[in-house]
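Values in this document were obtained by computation on a predicted structure and should not be read as measured data. Reminder, nothing fancy here: chain letters follow the sequence lines and each chain counts from 1.
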Number of protein chains: 2
Amino acid sequence: MRSAPAVPNALRNLLPPVLLAAAAAVPLRKGERLFLQRQRPRHMYFVVSGEIVLERSGASGNAVVLQRVRHGFVAEASLHSASYHCDGLVTADGDAVALPLEALTGELARHPEFALRWIGMLNQEVRRLRGQCERLSLRGVGERLLHLIETEGDHGSLAVPHGLKSLATELAVSHEALYRAVATLEDEKVVVRDGGAISLRRAGS
Amino acid sequence: MRSAPAVPNALRNLLPPVLLAAAAAVPLRKGERLFLQRQRPRHMYFVVSGEIVLERSGASGNAVVLQRVRHGFVAEASLHSASYHCDGLVTADGDAVALPLEALTGELARHPEFALRWIGMLNQEVRRLRGQCERLSLRGVGERLLHLIETEGDHGSLAVPHGLKSLATELAVSHEALYRAVATLEDEKVVVRDGGAISLRRAGS
DNA sequence: CGTACTTTTGAATCGCATCAAATCTGGTGG
DNA sequence: CCACCAGATTTGATGCGATTCAAAAGTACG
């Protein structure tokens, strides 16, 4: 028996029954693109496992990573948009849930308390994005990494399940620079690497 | 008679009557701080004129500019927060409107169509922030500037009412670097400076 | 065992930050 | 009107840190 938790608890608590019924499980295959820039939005996704990267190809042709999502909503901002504003690229196998945007709009209009929860979710996203902007405003790879650990980490410990290389693109630095920064911070006894996690020495655990 | 447009049209179209009645005009004085990090949120603001900068003082003590607002909402993400996540510093005299958060929450719960409009506003903000992250991920001052003009500008023309210096902090580069980048782009016939605006030569106007 | 990937280290180069200083600007008061 | 000041603008020189190119070593997986 495949234990397929098509809809995780986070969604059960947020969405009304009608939407839960309309939710469809979507398998994520590395390399696949869930949606493309400029496409008309039809679904919103919730990543249960695996990884999706929102990326946008600039005029110069180089792809820029807007966001990595390992657990949470993707394309939630396309609710009333005429088109997706970025690509949804799967970078690690896993599972997601697709929600039809039409149904979502209808339920938001029908259930005020759901709309309020949705607004709360968006507020959280806005704050997270502000944090990312703040992080990217920092000079120095080390500072960015420490900021990430303090901001997104759990009690001074940041999970890095997919290696430092993918983390480097999120911090908008070369992977070499990140490796060197981590090594330096370890020498300085500021952080400790524990396999799939980086932790601050002070505070936290 | 002072023509005091306490509530601009953008707000009239968005907010229900009850909130418009609860809105209070707030004069903005340069140097003043509308709210402080970690304070309990009581109001949300809408900038009519002047400028407010959202800034956060990092652990290292250096202030980081999260956002400059010359027209639009400020602190909209603090709706259900226990505290503001940044300071609201006035950087240019002007006027704003203050909305009590309590009343806002109540109206959102009471009027689904208002909640939907609010969600639309938040979606726009999320996209704008993603754009800013994308911009900050770019290497090179010139690239960031061009991205800003293309993204936030009006038909390839970006208003710079407060000089390039404040723009530099928004792009997270030194003002010297920005001045040099602008000069270079002008030499290369890529942009034109027109007093308070920078415009692309190709496209746009 | 081989392939593909990440991790790691090295060396050269380039862009930006930084410090410094000169010029220009608008505004204020004499 | 002019002197003067505060701020923005501009140019120059220097150093550091990150990028880049390169290559080796480690690791996971079929």
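For the salt bridge (Lys or Arg N to Asp or Glu O under 4.0 Å) condition, the pairs that include at least one residue of residues 86-105 of chain A, sequence neighbours left out, are A:R33-A:D87. Under the salt bridge (Lys or Arg N to Asp or Glu O under 4.0 Å) criterion, the residue pairs touching residues 164-175 of chain B are B:R68-B:E170, with sequence neighbours excluded. Applying the side chain to side chain donor-acceptor pair (under 3.5 Å) rule to pairs touching residues 178-194 of chain B yields nothing, sequence neighbours excluded.
For B:E125, the salt bridge (Lys or Arg N to Asp or Glu O under 4.0 Å) test picks out A:R130, B:R128, with sequence neighbours left out. Legend: residues meeting ring pair (Phe, Tyr, Trp, His ring centres under 6.0 Å) with A:H162, ordered by chain and number and at least two apart, are absent. Applying the side chain to side chain contact (heavy atoms under 4.5 Å, CB included) criterion to B:V69, with sequence neighbours excluded, gives B:V47, B:Q67, B:V74. Applying the side chain to side chain contact (heavy atoms under 4.5 Å, CB included) test to B:M121 and every residue at least two apart in sequence or in another chain returns B:F73, B:E76, B:W118. For the ring pair (Phe, Tyr, Trp, His ring centres under 6.0 Å) test, residues two or more places apart in sequence or in another chain that qualify with B:Y45 are B:F35. Checked against side chain to side chain contact (heavy atoms under 4.5 Å, CB included), A:P16 has the following partners two or more places apart in sequence or in another chain: A:L19, A:E107, A:H111, A:F114.
Contact annotation for A:R193: backbone-only contact, meaning every heavy-atom pair under 4.0 Å involves sugar-phosphate atoms and none involves a base.
Using a 4.0 Å cut-off on heavy atoms, the residues of residues 163-185 of chain A that approach DNA chain C are A:G163, A:L164, A:K165, A:H175, A:E176, A:Y179, A:R180, listed by number.
Summarising the geometry of B:Y84 relative to B:A75, their closest heavy-atom pair is CE2-CB, 3.9 Å, with the distance given to 0.1 Å.
Protein chain A contacts DNA chain C over a range whose 5' and 3' limits, counting nucleotides with an atom under 4.0 angstrom from a non-hydrogen atom, are C:dT6 to C:dA17.
Rounded to 10°, the helix from C:dC1-D:dG30 to C:dG30-D:dC1 has 40° between the axis fitted to its first five pairs and the one fitted to its last five.
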